[in-house]
Amino acid sequence: MWPKFTDSLLEGKIMEIEEKSQLYKIRHSMAHVLAQAVKKVYPEAKLGFGPPTETGFFYDFDFENVDFREDSLKKIEKEMKKIIGQKQEFTYSETDANGAVERLTELGEGEYKIENVRNLSDRGVTKFSFYDNGPFADLCEGPHVDTTGDLPVKAFKLDRVAGAYWLGSEKNKQLTRIYALCFETPEELKEFTERRAMAEKFDHKKLGRELDLFHFDEKVGKGLPLWLPNGTIIRDEIEKYACEMEFKYGYKRVSTPHIAKEELYLTSGHLPYYADSMFPPMEVKEEGEETTEKFYLKAMNCPHHHLIFNSRPKSYKDLPLRLAEYGTCYRYEKSGELSGLIRVRCMTMNDAHLYMTLEQFEEEFRSTVKMYMEFYDTFKLTEYSFRLSVRDDSDKFVGDPALWDKAEGLLAKVMDEMGLNYFIGKGEAAFYGPKIDIQFKNLMGREETVSTIQVDFQSATEEKFALKYVDADNTEKEPVIMHRAPLSTHERFISFITEYYGGAFPTWCAPLQVCLLPVKDSCHEYANELAKELNADFVRVEVDDSSNSFGKKIRTNTMKKIPILLILGEQEIEDNSVTVRRYGSRDQETISRDEFLKMLKAEIKDRVMLREPMGSII
RNA sequence: GCCGGCGUAGCUCAGUGGUAGAGCAGCUCACUUGUAAUGAGCAGGUCAACGGUUCAAGUCCGUUCGCCGGCUCCA
């Protein structure tokens, strides 16, 4: 069985508690077995947390001064199997906070478990339960299987080692996390590992190399992709499509520089707040001047767009004003956060800022969501989820709480009215306002924000850009601002669709759309002439005029995942026809040249995708 | 940035301290082919970089760089 594209292949995501689920009990109990085995091999190890995950479980350990290496996993796995063979019984007991601390101290547990008891106790928890099995005991809510003998000894595998901060905070000590895969049966484990191996074949980094889409070069720098001719065609096609859509929805396009003076980002409030995420400034000194001036590479387009809004006084009649730009931004992401095209340091955003009255907000939001759905339909994207990202009580969120409430309420209202399913992301809001994030999963199950719609009540204020429009009653008012990016950045979006399509792009955006395969030399003239005609219609076409055998031509061009191959032999020449062989199908049909041209042009113009994306069916 | 793994030809990968290899891709020649690899030949390398151990290092040790998987972060 092949993996469904949307199945989570990510080990890290903590499993929802399903009290009665046997699988949950197995994974949970297995984590205890792992901890017991680790303490046998490394008696000094201290325990952190060890929950079940969607594909197994993990446990965090503090190995003190021992450098834990991945090859130790084998030894630990062996111990685990022994423990399972001993059929140790899980027994339950209960105590209060003091009793729990006492018991943990007895067990030789360090600060982590005890800190956990204190935290729970502070939150009003008074009952603490322990599960004992064999010589091992752990503070734990359960539930568990009856004995370790109930655990599927052949359906688990220690998978990876990773660092993980205690309580998820960078300020705390980093513990060693051991990830394990675990299922109910060996067959399920095998199926999962096979699915994961399949998914790796569709990794956008691998496909990007095979299909010559992009290249990273150390001489340019990490996280700075070089887009090759093939990848650039995809970018250009997506951009062309975005321009058409924006035209249809009443946007005006603008273009802004990649750098700006420090003052701009002081005004926007990004400095000094987000200085860490920006490239350090360039200091420029004009000839004859005494002082230097600082310029920053832009990390976002909004400040520039706000200044365009402000370039002349605005009337309520100018609103809503929708400014769009495929703007290139630079962000200094920490090195370990970079990942192929998913997280880069140079990105080109499908950005736009909508300026409107408060009364217009609902309608603008509604039509923006509608535009998103149109985009998703074209790309045949069907599996995504809406997240309403709201603030929490952290102090990073600025502005009038009443406005926040109003905006959060309006977003929820419109989405409810549109019948959209969404979940709440508490604390996921931008510092200046709530947002809708549309979450996609890549093939490896990593969830990413692809599209976003953000409400901004901050940038228009007096302290920031002092954006104003004159209303019908002749008073000045602040516009409401909406940031939106349905197609994300070229980098993230293309990484996503490359995997989703398995590298087989729909005809309209495929780097090479049609490849002509003459059966023998005598057919080259017919092929070249047809290519010329297609080319005149702006179709990206090539003739395979190599001296390869015909079988080899089929093979090599199929492996390039070209949407359409045309077979041209003596028969086709005779009746002025072409034999069409589409990617992903062995059925082919011979049709007249005119019929083919008509079909192809319509397919490209309407951006039709005739088959299911490869990644959606594996 | 932190933890773990990895780095040999454009790509995929062999290589047990003792002369750097294969397949594919590329180039040349021959073959002209009707549906997933025609054959022969040629070329291709500072074994990521730097330092150390050794008579001898792709191989062992250290440092740096890069990539991958996590953690943190993601305006």
Side-chain angles (χ1 to χ4, degrees), chain A residues 9-13 58 60-61 63 67-73 159-179 196 200 203 205-206 209-210 212 215-219 221-223 265 268-271 273-278 299-303 329 331-340 342-344 347 396-398 428-433 435 437 444 446 448-449 452 454 456 458-459 483 492 517-524 546-559 565 567-572 579 581 586 588 590:
Chain A
L9 297 180
L10 185 74
E11 293 88 78
K13 201 155 187 200
F58 67 73
D60 290 342
F61 303 94
F63 287 99
D67 281 337
F68 188 84
R69 307 218 151 261
E70 207 165 284
D71 47 23
S72 311
L73 293 181
D159 193 33
R160 296 192 165 131
V161 177
Y165 298 105
W166 169 241
L167 299 179
S169 170
E170 213 176 357
K171 290 178 193 119
N172 292 336
K173 182 162 181 184
Q174 192 169 63
L175 308 181
T176 303
R177 175 170 297 177
I178 299 178
Y179 278 105
R196 189 161 72 176
E200 278 165 16
D203 185 299
K205 297 181 289 292
K206 189 174 162 62
R209 223 183 354 259
E210 286 170 6
D212 287 319
H215 170 70
F216 285 95
D217 198 302
E218 284 185 38
K219 286 190 186 67
K222 52 164 76 172
Y265 301 110
S268 69
H270 289 102
L271 285 176
Y273 209 50
Y274 288 105
D276 281 354
S277 303
M278 295 174 75
M300 65 296 295
N301 302 301
C302 7
C329 297
R331 296 181 188 181
Y332 194 77
E333 307 281 4
K334 288 191 216 164
S335 61
E337 290 162 353
L338 300 171
S339 174
I342 297 173
R343 283 286 285 280
V344 286
M347 70 216 79
K396 79 174 194 185
F397 302 107
V398 298
E428 300 284 351
F431 76 96
Y432 48 70
K435 54 180 181 166
D437 292 315
M444 292 310 290
R446 175 144 66 179
E448 294 289 347
T449 299
T452 180
Q454 310 183 354
D456 180 359
Q458 276 305 306
S459 299
H483 307 236
R492 185 169 288 184
L517 311 189
V519 174
K520 51 183 164 181
D521 278 2
S522 60
C523 309
H524 280 193
S546 66
S547 60
N548 288 333
S549 66
F550 186 64
K552 183 71 180 284
K553 285 184 188 179
I554 296 278
R555 180 182 157 80
T556 50
N557 291 296
T558 300
M559 291 203 308
L565 301 183
I567 315 298
L568 305 174
E570 273 163 5
Q571 262 173 296
E572 284 78 6
T579 295
R581 183 182 163 124
R586 291 209 173 207
Q588 47 186 43
T590 303

For [X], report the nucleic acid contact type (base, sugar-phosphate, nothing); a contact means any heavy atom under 4.0 Å.
| X | answer |
| --- | --- |
| A:T558 | base |
| A:R331 | base |
| A:E70 | sugar-phosphate |
| A:R69 | sugar-phosphate |
| A:G340 | sugar-phosphate |
| A:Y432 | sugar-phosphate |
| A:A164 | sugar-phosphate |
| A:S547 | base |
| A:F68 | sugar-phosphate |
| A:Q458 | nothing |

OP1 or OP2 of [N] sitting under 4.0 Å from any side-chain N/O of [X]?
| X | N | result |
| --- | --- | --- |
| A:K206 | B:C67 | no |
| A:S335 | B:G1 | yes |
| A:S549 | B:U38 | yes |

What is the distance, to the nearest angstrom, from the [atom1] atom on [X] to the [atom2] atom on [N]?
| X | N | atom1 | atom2 | answer |
| --- | --- | --- | --- | --- |
| A:E170 | B:C74 | CD | C1' | 12 Å |
| A:H270 | B:A75 | NE2 | P | 10 Å |
| A:R160 | B:C68 | CZ | C1' | 9 Å |
| A:N548 | B:C29 | CG | C1' | 14 Å |
| A:F216 | B:G10 | CZ | P | 19 Å |
| A:K334 | B:C2 | NZ | P | 10 Å |
| A:D67 | B:C61 | CG | P | 14 Å |
| A:K171 | B:C71 | NZ | P | 19 Å |

If you take atom types as modelled and just measure distance, does the side chain of [X] reach the base of [N] with a donor-acceptor pair under 3.5 Å?
| X | N | answer |
| --- | --- | --- |
| A:E337 | B:G70 | no |
| A:Q588 | B:U35 | yes |
| A:R209 | B:C11 | no |
| A:Y165 | B:G1 | yes |

From [options], pick the nucleotide closest to the side chain of [X]?
| X | options | value |
| --- | --- | --- |
| A:R586 | B:G5, B:A36, B:C68 | B:A36 |
| A:I567 | B:U35, B:G70, B:U33 | B:U35 |
| A:S339 | B:G70, B:G69, B:C11 | B:G69 |
| A:K435 | B:G34, B:A75, B:G69 | B:A75 |

Who pairs with [N] - Watson-Crick or G-U, where each distance is under 3.5 Å:
| N | result |
| --- | --- |
| B:C2 | B:G70 |
| B:G23 | B:C11 |
| B:A48 | B:U64 |

Rounded [atom1] spacing from [N] to [M] in Å:
| N | M | atom1 | result |
| --- | --- | --- | --- |
| B:C6 | B:A48 | P | 14 Å |
| B:G45 | B:A9 | P | 10 Å |
| B:C13 | B:G17 | P | 23 Å |
| B:A43 | B:U28 | C1' | 10 Å |
| B:C47 | B:A57 | P | 12 Å |
| B:C42 | B:C24 | P | 15 Å |
| B:G44 | B:U53 | C1' | 33 Å |
| B:C74 | B:U12 | P | 34 Å |

### Message
Quick test of your reading of the model: are A:E428 and A:K435 salt-bridged, counting only N-O distances below 4.0 Å?
### Response
no

### Message
Regarding A:D71 and A:R69, does a basic nitrogen lie under 4.0 Å from an acidic carboxylate oxygen?
### Response
no

Close side-chain approach of [X] to [Y], heavy-atom, < 4.5 Å:
| X | Y | answer |
| --- | --- | --- |
| A:I554 | A:R581 | yes |
| A:Y265 | A:M278 | yes |
| A:I178 | A:F61 | yes |

### Proximity to RNA chain B (any heavy atom under 4.0 Å), residues of residues 550-557 of chain A only
A:F550, A:G551, A:K552, A:I554, A:R555

If I take atom [atom1] from residue [X] and atom [atom2] from residue [Y], how far apart are they, to the nearest 0.5 angstrom?
| X | Y | atom1 | atom2 | value |
| --- | --- | --- | --- | --- |
| A:F550 | A:C523 | CZ | SG | 9.0 Å |
| A:S277 | A:E337 | OG | CD | 8.0 Å |
| A:T556 | A:L517 | OG1 | CG | 8.0 Å |
| A:Q174 | A:S169 | CD | OG | 11.5 Å |
| A:R343 | A:E448 | CZ | CD | 7.0 Å |

### Query
Parallel, tilted or perpendicular for A:Y179 and A:F58, by the 30°/60° rule?
perpendicular

Any donor-acceptor pair under 3.5 Å from [X] side chain to [Y] backbone:
| X | Y | answer |
| --- | --- | --- |
| A:R492 | A:T449 | yes |
| A:K205 | A:S339 | no |
| A:R331 | A:A299 | yes |

## Note on the structure
Residue pair A:K222/A:E210 against RNA chain B: nearer the 5' end by closest nucleotide is A:E210

## Note on the structure
When A:L568 and A:G168 are each assigned the nearest nucleotide of RNA chain B, the 5'-most assignment goes to A:L568

Between protein and nucleotides 6-8 of chain B, what N or O pairs are separated by less than 3.5 Å?
none

